[in-house]
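Structure first, commentary second.
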Amino acid sequence: MEDFRDLKSDGPEIVEESSCPECGCKRLIRDYERAEVTCASCGLVVDDHLLDLGPEWRAFDAEQREKRQRGGAPMTYTIHDMGLSTVIDWRDKDIYGRALSPQSRAQMSRLRKWQMRARISDSTERNLSFALSEIDRIGAQLRLPRNVREAASVTYRRTIERRLIRGRSIESLTASALYVACRQFAVPRTLEEIAAVTKVDKKEIGRSYRFLARELGIKLAPTSPVDYIPRFASDLKLSGEVQGKAIEILGKVVSQGLTSGRGPMGVAAAALYIAAELSHEQRTQREVAEVARVTEVTVRNRYKEMVEYLGLRVP
DNA sequence: AAGACGAAAGTGGTTGA
DNA sequence: TCAACAACTTTCGTCTT
């Protein structure tokens with residue numbers, strides 16, 4: 001019987017190979033979609049740069065696996081020719097390691113030259129190749145999982161194909177493509193976080209993002225405050241219990257329509273603040289505001305609204 | 001002394017005429 | 001294109017623990 005343990009599963013899975021540094025328990029939840037490993041009992045985000053290095057296909061039984069397995073690196077969209085082009089070695093040696101004759105060496109150098117010209121031929125190719133390495137760089141710095149970077153690359157390819165780059169900087173478009181990808185995969189990063197690792201400022205990324213969304217017809221659901229809870233809670237070293245409570249509060253608040261038009265980060269921050277207070281793991285408004293990148297005043301205002309409309313009485 | 005609270009004025013972006 | 005508008009920020013003074 002075939003061993004399937006190394007095949008990708010559909011959703012989050014429980015792993016027991018290491019233990020949580022906070023509570024020491026052995027049950028960790030590995031979630032490829034969100035690229036996080038969290039502790040099942042205390043909710044600590046143990047590892048948030050989980051990379052999925054598996055093949056892009058999935059096999060459901062041994063026969064399929066046999067058929068799909070093949071040589072070569074997985075095809076990827078983050079290399080401008082999708083990683084498929086031939087690479088000519090730079091050493092002037094043949095396959096046995098012997099030095100090449102002068103004629104062969106001249107031929108090889110001509111081949112190399114033409115290969116470079118073929119690979120990065122016109123300006124759009126050059127643009128793509130720069131942009132994709134940029135996406136990879138930013139993605140790596142933000143510790144974004146491979147699938148998010150792939151999605152960003154696809155988006156960028158589409159903008160090039162539609163000739164939408166004119167006058168806009170590559171930097172701002174790559175940044176927005178990543179921002180879009182993050183939201184598509186519900187691993188939200190704030191505009192500020194992306195701006196911090198690029199030369200483009202928050203305003204500019206926002207502008208290009210709206211531009212992309214309009215021109216490419218990308219429809220994104222507004223970011224849910226719930227998506228921010230695990231990360232913020234982890235930054236604040238709050239327990240899984242508090243996270244659960246915060247999400248519960250958010251459920252009620254959202255159904256009351258209290259959150260429409262409000263910034264999701266402020267809402268998430270206030271919910272966490274209340275949940276922490278209820279669980280006697282108080283954090284100051286300042287601390288919560290800081291990880292959520294909003295001001296104390298905003299936390300206060302959301303907090304006030306929630307307590308008032310939900311009839312929550314906080315001692 | 002630190003944190004919570006609130007008022008007031010300013011900012012950047014959306015919307016609708 | 002401009003003005004109204006809501007959400008959010010900045011700043012600062014007061015109250016509470």
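Computed from a predicted model, the values in this text were never measured in an experiment.
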Checklist line | Quiz item: A:R286 side-chain donor-acceptor pair to B:dG3 base, under 3.5 Å | finding: no
Note to self: Could you tell me if A:R189 sits above the aromatic ring of A:Y179, with its cationic atom closer than 6.0 Å to the ring centre and no more than 45 degrees from the axis?
What the structure shows: no
Item checked: Under 3.5 Å side-chain donor-acceptor pair for A:R183 and A:Y209 -> yes
Notebook entry, point to check: Between atom OH in A:Y209 and atom P in B:dT14, what is the gap in whole Å?
Noted result: 11 Å
Check: Do side-chain atoms of A:R286 reach the backbone of A:E296 as a donor and acceptor pair under 3.5 angstrom?
Finding: no
Next item on the list: Let me know, please, whether A:R300 or A:K203 comes out on the 5' side of the other along DNA chain B by nearest nucleotide.
Entry: A:R300
Notebook entry, point to check: CZ of A:R302 versus C1' of C:dC8: gap in Å, rounded?
Noted result: 8 Å
Item checked: Sugar-phosphate, base or nothing in reach of A:T284, heavy atoms under 4.0 Å -> sugar-phosphate
Notebook entry, point to check: Do A:E150 and A:S153 have side-chain N/O donor and acceptor atoms under 3.5 Å apart?
Noted result: no
Next item on the list: May I ask you to evaluate whether A:R210 reaches the phosphate of B:dG13, defined as a side-chain N or O under 4.0 Å from OP1 or OP2?
Entry: no
Check: Reckon A:Y273 has a side-chain N or O less than 4.0 Å from the OP1 or OP2 of B:dA4?
Finding: yes
Next item on the list: Give the rounded distance in Å between these two atoms: CD of A:E204 and P of B:dG12.
Entry: 15 Å
Next item on the list: Please say whether more than 12 non-hydrogen atoms of neighbouring residues, nucleotides or ligands are located less than 6.0 Å from CZ in A:R207.
Entry: no
Note to self: Nearest whole Å is fine: how far is C:dA7 P from A:E296 CD?
What the structure shows: 21 Å
Next item on the list: Quickly work out the A:R283 CZ to B:dA4 P distance and round it to whole Å.
Entry: 12 Å
Checklist line | Euclidean distance, atom CG of residue A:N301 to atom C1' of B:dA7 [Å, nearest integer] | finding: 11 Å
Notebook entry, point to check: To the nearest angstrom, how far is A:E277 atom CD from B:dG3 atom P?
Noted result: 14 Å
Notebook entry, point to check: How would you label the contact of A:R207 with the nucleic acid (heavy atoms, under 4.0 Å): base, sugar-phosphate, or nothing?
Noted result: nothing
Checklist line | Listed nucleotide nearest any side-chain atom of A:Q285, set C:dT10, B:dA4, C:dA7 | finding: B:dA4
Check: Rounded to the nearest Å, what distance is computed from the CZ atom of residue A:R214 to the P atom of nucleotide B:dT14?
Finding: 10 Å
Notebook entry, point to check: Is C:dA6 paired to anything, Watson-Crick or G-U wobble with both distances less than 3.5 Å, and if yes, which nucleotide?
Noted result: none
Margin query: Which nucleotide wins on minimum distance to the side chain of A:K304, given the candidates B:dG6, C:dA7, C:dT10?
Written below: B:dG6
